[in-house]
Asks: 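Could you have a look at this structure, given as structure tokens, before my questions?
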There are 2 protein chains.
Amino acid sequence: MDEVAAAAGVSRATVSRVINNAPTVEAKIRERVQRAISATGYVVNSAARTLVTRRTGSVALVISEPEQREYDSSFLNRIFTDPFFGRITAGAQSALRPHDVHLVILPTDSSDHHQVVRYLRQGHVDGVLLISSHDEDPLPEQVHALGIPAVMSARPAAAIPASFVHTDQRLGARLAAEHLIRRGCTRLATVSGPLDMPAGQERLDGFRSFLQRRGLADVPCVEGDFTRAGGEDAARRLLAEHPGVDGLFVANDLMAEGAMLVLHDLGRRVPDDVAVIGFDDSSAALACRPPLTTVRQPVEEMAAEMAELLLAHIADPDRLPRSVSFQPTLVIRGSA
Amino acid sequence: MDEVAAAAGVSRATVSRVINNAPTVEAKIRERVQRAISATGYVVNSAARTLVTRRTGSVALVISEPEQREYDSSFLNRIFTDPFFGRITAGAQSALRPHDVHLVILPTDSSDHHQVVRYLRQGHVDGVLLISSHDEDPLPEQVHALGIPAVMSARPAAAIPASFVHTDQRLGARLAAEHLIRRGCTRLATVSGPLDMPAGQERLDGFRSFLQRRGLADVPCVEGDFTRAGGEDAARRLLAEHPGVDGLFVANDLMAEGAMLVLHDLGRRVPDDVAVIGFDDSSAALACRPPLTTVRQPVEEMAAEMAELLLAHIADPDRLPRSVSFQPTLVIRGSA
DNA sequence: CTGAAAGCGCTTACAG
DNA sequence: CTGAAAGCGCTTACAG
């Protein structure tokens, strides 16, 4: 920087001003400095800048899962190949990129929370996007206690004031139930997500309570784990106990893909013998044969909105928390 | 830090020493400082530390693709939901995590290279893991010119000295060809990857040249793009022109999944009518019915090795470049 | 083994 | 509009 200042015949302060586009620099000097910058190939040192501005230009995307049996590459593998998390990452990146803000992705389980908290406290990032899917997860409160700008992926279980985005899961499940009824299915069943996850619980509630109002109580349910293999297992068990099922709601697309595979193995035709509806509208939906009818969540847009909210909180720390809600929609394809 | 020093009755230098586990601190003092740290809740400021140590504790994972029609969320979406890149990320993370090194993922196309280069020059990271899949990609050379520690995902096209990892793609393709022949297939064909990518070209070469030696010349080939939808298209075209095909090698699993879908639509039984072999052994292989026989690349292990190599280069900038090679293996499942 | 001091490379009131 | 100077919060020779 001294070199640039010398080459341009100005002070370091002025060099700094042109780098940061301060309006108070005379055009001629600005140009002279710019030439000196190109000539010397100078670039700012981001650590030095961060030290004084208190801004890093990075945010963390924390993906918090319940404790894993083994925190290893199989956990990381599941996270990084999950189409849902992939869409979140893509949505967040696309919103952040224009602002030149970078994303550090931190998958974590509860055995690992302290590492994440330490990382955040060390000031590596300006804020955090927190994807927490379990009721009992203490991380949202811990992050909130840190006082660092944060946006959550759903209403936090704890009563903390924080911005979050939201989809009406119950409404989504109801859309699925309505469609199955409309199709004339009479023996409905569902593969739910994990019932200790709000997303799992709410989709089941929404599905069941709509059917109950239509006089259909006690719809069979087997709990799955939101993975494809888990969906296969759950569907196999469900179909073994309830072979007559003709309409199946599966709480996410990955499990639905597994369920379709099982139906195929069992020689059941979809949708003629069994109509199937998934949830998410992820890429897995198009990998099914027939293509999967599913409840769409605009995941990319939600993640982008989380990023925008976070940027706003970083720019103005006194900004009041707000939540923004997205509507699920039914995407009708071949499976129901 | 002053606060901690005062509370422990020592200098800041000593506080720094205990934080960094310098061996030359008396046990009693060390303990006193540690208590003061817990009492005050002190954590280091990473920007200040980086400014003096020249270490950030982060590395970049740069995923360089050819120029996109639109650099937007659909590009990011493809990258972040691609099982191959997901495995790379997981493998790199799992190797880096024990060293407390963080990963910032930078998908980029050629319109965007200057941003990546600027980011790297600003010193945000200690090194870069570069996934570059195109022959003409100038990024490996640019990164090398920066003088920042880097490890490549394959032998760089340019003659630059750099560490890289490698799988023998030709051998992998040959494994597929051998297996198809052994099965008794006589009318072979292939869906290749993009032929401007070494991985696409080499798999095709390996497949064809083995067959040629067996007297099978001019095996039909349609070029695909490594996506599932691209695999569907390519398979459809191939089968329209060559309906008699009884053995199909598809250059990655995602395209193979698409090809299997097309075969299903066409009423062809797999493997009885057509045997199908993929490449990668990604999660897509298990989403096929029947499950996909495929050439396994140990992608996670390769990415972990890249990370280890990078860490070694960061620790010792004078270390000589080396390459480490992995063997592909055939994983036999139901499709062939 | 410990401390005083210099220095990492920036930005930003403050004065002019 | 520009510059001299202080200061961001650490680490690390250097001296003792």
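Chain letters run A, B, ... following the sequence lines, proteins first and then strands; every chain starts at 1.
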Asks: Can you give me every donor-acceptor pair (side chain of residues 302-318 of chain A, partner residue at least two apart or in another chain, under 3.5 Å) with its distance?
Replies:
{"from": "A:His313", "atom 1": "NE2", "to": "A:Ser163", "atom 2": "OG", "distance (Å)": "2.7"}
{"from": "A:Asp316", "atom 1": "OD1", "to": "A:Asp318", "atom 2": "N", "distance (Å)": "3.0"}

Asks: Rounded to the nearest angstrom, tell me the gap between atom CZ in B:Arg55 and atom P in C:dC8.
Replies: 18 Å

Asks: Strictly under 6.0 Å, is that where the ring centroids of B:Phe326 and B:His166 end up?
Replies: no

Asks: Could you state the interatomic distance from CD (B:Glu300) to OG1 (A:Thr81), rounded to the nearest 0.5 Å?
Replies: 8.5 Å

Asks: Quick check: closest heavy atoms across A:Glu65 and A:Ser133, and the distance to 0.1 Å?
Replies: OE2-OG, 3.5 Å

Asks: Could you report the tightest heavy-atom contact between B:Phe75 and B:Thr108, atom names first, then the distance?
Replies: CZ-O, 3.9 Å

Asks: Quick one: do the B:Arg49 and B:Asn20 side chains pair a donor with an acceptor below 3.5 Å?
Replies: yes

Asks: Give each stem of DNA chain C as a range with a range, requiring at least 3 consecutive Watson-Crick or G-U wobble pairs whose two distances are under 3.5 Å.
Replies: C:1-3 with D:14-16, C:5-12 with D:5-12, C:14-16 with D:1-3

Asks: Between A:Asp135 and A:Asp196, is any pair of side-chain heavy atoms under 4.5 Å apart?
Replies: no

Asks: Which value, in whole Å, describes the distance between the C1' atoms of nucleotides C:dG16 and C:dT12?
Replies: 16 Å

Asks: For each nucleotide in nucleotides 9-16 of chain C, reading 5' to 3', give B when a protein heavy atom comes within less than 4.0 Å of its base, S when such contact involves only the sugar-phosphate, and - otherwise.
Replies: BBBBB---

Asks: For the residue pair A:Ala47 and B:Thr50, what are the closest heavy atoms and their distance?
Replies: CB-CG2, 3.5 Å

Asks: Nearest-Å distance, CD (A:Glu26) to C1' (D:dT2)?
Replies: 10 Å

